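Notes follow once the structure below has been shown.
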Amino acid sequence: MPQFLSTTDADFAPRFAALLEMKREDAPEVDDIVARIIADVRARGDAAVIELTERFDRLSLTPETLAFSPAEIAAAIDKVPGPERAALELAAARIRTYHERQRPADAEWTDPSGATLGWRWTAVEAAGLYVPGGLASYPSSVLMNAIPAQVAGVKRLVMCAPTPGGVVNPLVLLAAHLSGIDTIYRIGGAQAVAAMAYGTATITPVDKITGPGNAFVAAAKRRVFGKVGIDMIAGPSEILVVADADNDPDWIALDLLSQAEHDESAQSILITTDAAFGQAVAAAVDKRLETLDRRAIAGASWRDYGAIVTVRDLSEAAALTDRIAPEHLELCVADPVALSQTITHAGAIFLGQWTPEAIGDYIGGPNHVLPTARSARFSSGLSVLDFMKRTTLARMTPEALKSIGPAAETLAASESLEAHGLSVGARLARLNRKGGEDTGA
Ligand SMILES: NC(=O)c1ccc[n+]([C@@H]2O[C@H](COP(=O)([O-])OP(=O)(O)OC[C@H]3O[C@@H](n4cnc5c(N)ncnc54)[C@H](O)[C@@H]3O)[C@@H](O)[C@H]2O)c1
Ligand SMILES: N[C@H](CO)Cc1c[nH]c[nH+]1
Ligand SMILES: [Zn+2]
């Protein structure tokens, strides 16, 4: 049974706080295991990666077989049936069109002092894309990772995706091929993240690691941050549906289950203005769980982390939503646009009952790699910007230096940093000797 809460209950505040604090992806035991795995990969490189892949993915590899060969990729791609290929190509085209709009612009202007200022965007050199593969395989996550990287202009793209028991989904390889990935490693988990961050004899390290994964992947990304950049914490999936009684309970049940079926650590929450509708959705979830293929995973997630919250009105729903800061937010209410304008913290918003979250997972266009575990309070879904960095530019003329240099000297003196002040002062002295005629060229 999921938890049932109502804002009218006397114990609502502590129960809601406990719901927010549930440890799904940063449990200390996960972090301890991950710390040991990273240390092992740093110490023993390929040997550790191979041993850990044998242990967690039941797959025997050698340094030579860590990556798929071009012949293996070509053979797998050949096997993809036409309709799957067409669907993947449609998704890739829509994702590319959406992300091309995110390309940032350089800027340059001259301010009143005469200084020319600005910034310029450049891509990271090498990105490591993590594509999950433990409990399901994710061709869609290949596209969501690789297309923004390509649009940004990243030169080297490597991908890691586990293949438990050696079972490969050919669509994963086709998606990688379609989106310009140079090397595909059949490894996963914390060992893959560590290998991409620190490198091994076989795996050249990257500058930035992106992509979603389970609690072990999320913990590993947290730990390698600083050695490499990371996009965000995109861990076990989450959905929050805000729905009034004017919805089909079965549709809402399926939307909740669509994320619950990812992982036992996933979380699905319904906030509704109608307690009876909440009960109807709970019954519909139970009914669907009788037959759903992935009922074991979805059922465990719904039982352990699911919740149905009844609120007095939509303004209460908006306030609770901002506290949850969900990865995915579905607004199934009469005026979803108006409600969305009262909400600040969510990774992705799906407006209206005709926009199931699953559309966003595959084909809508926006990225499905999104912040989880309340990190949408301070981070955003994967974008072209995640693969770029901004370098600032400044050019002084003699006039500009004469105008703002003395203030810099004053501030340097206030910090007791003499050489700072002198590096400005020496130039000002020259300008003052020459009566300000130096061209500065
Ligand atoms: N937030 C997002 O944007 C987003 C997008 C897609 C998927 N997801 C999430 O990604 C996750 C995918 O998880 P998955 O398990 O299918 O694939 P995964 O590739 O993330 O994890 C599989 C790996 O986990 C490691 N692992 C498993 N059990 C372990 C243990 N006991 N100790 C150490 N390592 C262990 C193994 O190395 C294995 O290769 C799900 O939680 C899903 O909800 C999130
Ligand atoms: N819902 C996931 C993000 O949490 C993404 C995904 C891929 N395939 C299906 N779903
Ligand atoms: Zn999904």
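Remember, it's 1-based here, ligands and their atoms both numbered in the order they're listed. Keep in mind that what you see is a predicted model, and the values were worked out from it rather than measured. Heavy atoms only: backbone and side chains are in, while hydrogens, waters and symmetry mates are out. FYI, the numbering just counts along the sequence from 1.
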*Going by distance alone, is a donor N or O of one side chain under 3.5 Å from an acceptor N or O of the other, for D361 and Q259?*
yes
*asked:* Taking a cutoff of less than 4.0 Å between a non-hydrogen atom of the residue and any ligand atom, is A190 in contact with ligand 1?
replied: no
_Please check whether L135 reaches ligand 1 - meaning an N/O of the residue sits under 3.5 Å from an N/O of the ligand, judged on distance alone._
yes
*Report the member of L143, D361, V131 with the shortest heavy-atom distance to atom 6 (C) of ligand 2.*
D361
_Under a 4.0 angstrom heavy-atom cut-off, which atoms of ligand 1 come close to T372?_
1 (N)
_Any N or O of S237 closer than 3.5 Å to N or O of ligand 2_ = yes
*Can you check whether P162 has an N/O within less than 3.5 Å of an N/O in ligand 1?*
no
_Proximal ligand 1 atoms for G134, defined as those under 4.0 Å from one of its heavy atoms_ = 14 (P), 15 (O), 16 (O), 17 (O), 18 (P), 19 (O), 22 (C)
_If you count every heavy atom of other residues, nucleotides or ligands that lies below 6.0 Å from W354 atom CH2, does the total exceed 12?_
no
*L117 and A394: which non-hydrogen atoms are nearest, and at how many Å?*
CD2-CB, 3.8 Å
*Kindly check if the number of other-residue, nucleotide or ligand heavy atoms within 6.0 Å of CZ (R96) is above 12?*
yes
*How many protein N, O or S atoms are found at a distance of less than 2.8 Å from the Zn ion (ligand 3)?*
2
*Close N or O approach (E238, ligand 2; < 3.5 Å)*: no
_Backbone or side-chain N or O of F216 under 3.5 Å from ligand 1 N or O_ = no
*Please confirm whether E327 comes within less than 3.5 Å of ligand 1 when only nitrogen or oxygen atoms on both sides are compared.*
yes
*Should you measure from each heavy atom of Y138, which atoms of ligand 2 turn up under 4.0 Å away?*
7 (C), 8 (N)
*Quick one: does Y138 get an N or O within less than 3.5 Å of an N or O on ligand 1?*
no
_Residue pair P148 / L382: nearest heavy atoms and the distance that separates them_ = CG-CD2, 4.4 Å
*Tell me which protein heavy atom sits closest to atom 9 (C) of ligand 2, plus the residue, atom name and distance to 0.1 Å.*
Y362 OH, 3.3 Å
*Please report the closest heavy-atom contact between N247 and C332, naming both atoms and the distance.*
ND2-O, 2.9 Å
*Considering all heavy atoms, the nearest P63-D46 contact*: CB-OD2, 4.1 Å
*Do T200 and T202 have a side chain donor and acceptor closer than 3.5 Å?*
no
_H262, any N or O under 3.5 Å of ligand 2 N or O_ = yes
*asked:* Would F56 count as a polar contact of ligand 1, with the cut-off being nitrogen or oxygen pairs under 3.5 Å?
replied: no
_Heavy atom to atom 1 (N) of ligand 2, shortest distance: which of E327, Q259, E261, M144 holds it?_
Q259
*Backbone or side chain, does any N or O of L370 fall under 3.5 Å from an N or O of ligand 1?*
yes
*asked:* Under 4.0 Å, counting heavy atoms only: does H328 come that close to any atom of ligand 2?
replied: yes
*Looking only at non-hydrogen atoms, find the nearest pair between A152 and A123 and report the distance.*
O-CB, 3.3 Å
*Mark yes when over 12 heavy atoms from residues, nucleotides or ligands other than R120 sit less than 6.0 Å from its CZ; otherwise mark no.*
no
*Measure across G165 and L59 and return the closest heavy-atom pair with its distance rounded to 0.1 Å.*
C-CD1, 4.4 Å
*Polar atom proximity, D263 to ligand 1 (N or O, under 3.5 Å)*: yes
*Does R288 come within less than 4.0 Å of E261, counting only side-chain N to carboxylate O?*
no
*Quick one: does ligand 1 sit under 4.0 Å from the side chain of A136, the backbone, both or neither, non-hydrogen atoms only?*
backbone
_Please determine whether any non-hydrogen atom of G133 lies less than 4.0 Å from an atom of ligand 1._
yes
*Are D231 and K208 ion-paired here, with the side-chain N under 4.0 Å from a carboxylate O?*
no
*What is the ring orientation for F350 with H328, classed by angle as parallel under 30°, tilted 30 to 60°, or perpendicular over 60°?*
tilted
*Under 4.0 angstrom from ligand 1, any heavy atom of Q191?*
yes
*Short list, please: which atoms of ligand 1 are under 4.0 Å from a heavy atom of Y130?*
18 (P), 19 (O), 20 (O), 21 (O)
